[in-house]
Amino acid sequence: MKKQLIAVAVAALACVGAQAEDTLSKVKTAGAITMGVRDSSGALSYTLGDGKYAGFHYEICQRIIGNVEKAVGKKLEVKFQSVTSQNRIPLVQNGTVDIECGSTTNNTARQKDVAFVNTTYVEEVRIAVKANSGITSIAQLKDKNVATTTGTTSVQLLRKHERANGIDFKEVFGKDHADSFLLLDSGRADAFVMDGSILAGNIANAKNPADFKIVGEVLSVEPIAIMIRKDDPAFKKVADDTVRDLVKSGDMAKLWDKWFLQPIPPKNVKIGLALSDSTKAAWANPNDKPAEDYAKK
């Protein structure tokens, strides 16, 4: 009898654990869903102040949440949790954040800890410098201070290039993308290496955008995607279907135009980032392939 009771208790705990991992059940019970947002991830996700956020991924997530509400049959309170490059994965894993709508690269290492919605944007990692710096390539970063954001994949890219080309440069780290750009703006860094959209967004919002430019080789091509918890097929299907339907209806292209080719709040500046062939291809063939698959091409 005791063994049977223990078995029932273990089964009950397992059931609770499974329910805890089921986001649709979780948000239905709570009546709320928490969106992870970024304060300065270019036009993908950024703050407007006063607890308000905006951006391409932010709006896609709003569409996903709309379909989650249909799936669970009730209106949900949407809560916002500002995340950083360092804490975004743990906050998704531990349930603090239900859906992370920032600028996260989908790679094999991260897929061990979290899952990704089908790719919405394929990024090119580039270098931003002062327009009068004379720097045009990564080879010219020798003995320079190079800024990047703590917890991002650009850190690994920098190290790989340092080993490959024998370039000795000093890495300086910003706590977020705005902080990293400030290192460049203030002269504490000679270059800022990051996703092109983030560089373009920070430059567009600078006091004097003409003082900066994006230069050099494409250091990496990486799929950027909305992040969710692992092993949650029902929630992933809602999210993947939303992305697929946005593409099919033409709304995804309209969102791109809205956030990257038209003036955006709060300063009504235009990022001016054209839709790349890589992103078009990702939309045409929906998938959640990691960055390593792109590197094989």
Side-chain angles (χ1 to χ4, degrees), residues 8-41 44-47 51-120 149-153 175-177 223-243 288 290-291:
V8 170
V10 170
L13 286 171
C15 183
V16 169
Q19 288 176 343
E21 293 173 359
D22 179 355
T23 302
L24 294 182
S25 297
K26 176 193 171 189
V27 302
K28 183 176 183 178
T29 300
I33 186 167
T34 301
M35 183 194 299
V37 285
R38 298 296 296 268
D39 288 342
S40 61
S41 282
L44 291 173
S45 178
Y46 64 97
T47 182
K52 296 179 181 178
Y53 292 86
F56 180 67
H57 266 174
Y58 170 87
E59 191 158 347
I60 292 172
C61 278
Q62 293 280 29
R63 304 290 185 96
I64 292 172
I65 290 170
N67 285 332
V68 168
E69 290 176 332
K70 292 177 184 176
V72 301
K74 66 191 297 185
K75 186 75 175 173
L76 298 172
E77 177 189 358
V78 181
K79 299 179 179 180
F80 302 110
Q81 171 68 52
S82 177
V83 301
T84 66
S85 299
Q86 302 99 300
N87 68 18
R88 55 190 167 179
I89 290 175
L91 290 179
V92 169
Q93 286 181 294
N94 68 20
T96 302
V97 167
D98 297 307
I99 183 166
E100 191 263 347
C101 312
S103 54
T104 303
T105 297
N106 175 0
N107 61 30
T108 53
R110 288 171 176 167
Q111 283 191 0
K112 294 175 183 177
D113 299 318
V114 294
F116 290 89
V117 178
N118 285 341
T119 299
T120 45
T149 305
T150 301
T152 64
T153 54
K175 67 180 185 295
D176 56 28
H177 300 315
I224 308 298
I226 291 161
M227 185 166 56
I228 58 177
R229 278 183 288 283
K230 276 181 72 71
D231 304 320
D232 196 347
F235 187 46
K236 180 165 167 53
K237 185 179 188 306
V238 172
D240 284 344
D241 286 351
T242 303
V243 170
D288 59 1

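Atom set for the values below is all heavy atoms of this structure, side chains included, hydrogens, waters and symmetry mates excluded. Bear in mind the structure is a predicted one, so any value in this text is a computation, not a measurement.
Taking a cutoff of 4.0 Å between a charged side-chain nitrogen and a carboxylate oxygen, D232 and K236 do not qualify as a salt bridge.
The backbone N or O of L76 lies less than 3.5 Å from a partner atom in the side chain of E69, making a donor-acceptor pair. With hydrogens and angles disregarded, a donor-acceptor distance shorter than 3.5 Å links the side chain of T29 to the backbone of S25. Remark: the backbone N or O of V83 is paired with a side-chain donor or acceptor of R38 at under 3.5 angstrom. For D98 (side chain) and T34 (main-chain N/O), a donor-acceptor pair under 3.5 Å exists by modelled atom type. With hydrogens and angles ignored, the 3.5 Å screen pairs a side-chain donor or acceptor of T84 with a backbone N or O of N87. Of the possible polar contacts, none joining the R88 side chain to the E100 backbone as a donor-acceptor pair under 3.5 Å is found. A distance-only check finds no donor-acceptor pair linking the side chain of K74 to the backbone of G31 [under 3.5 Å].
Residues H57 and S103 bring no donor and acceptor atom of their side chains to less than 3.5 Å of each other. For D39 and T47, the side-chain atoms include no donor-acceptor pair closer than 3.5 Å. R110 and T104 share no donor-acceptor pair across their side chains, judged by distance under 3.5 Å alone. Side-chain atoms of N94 and T96 form a donor-acceptor pair, as typed in the model, at a separation below 3.5 Å.
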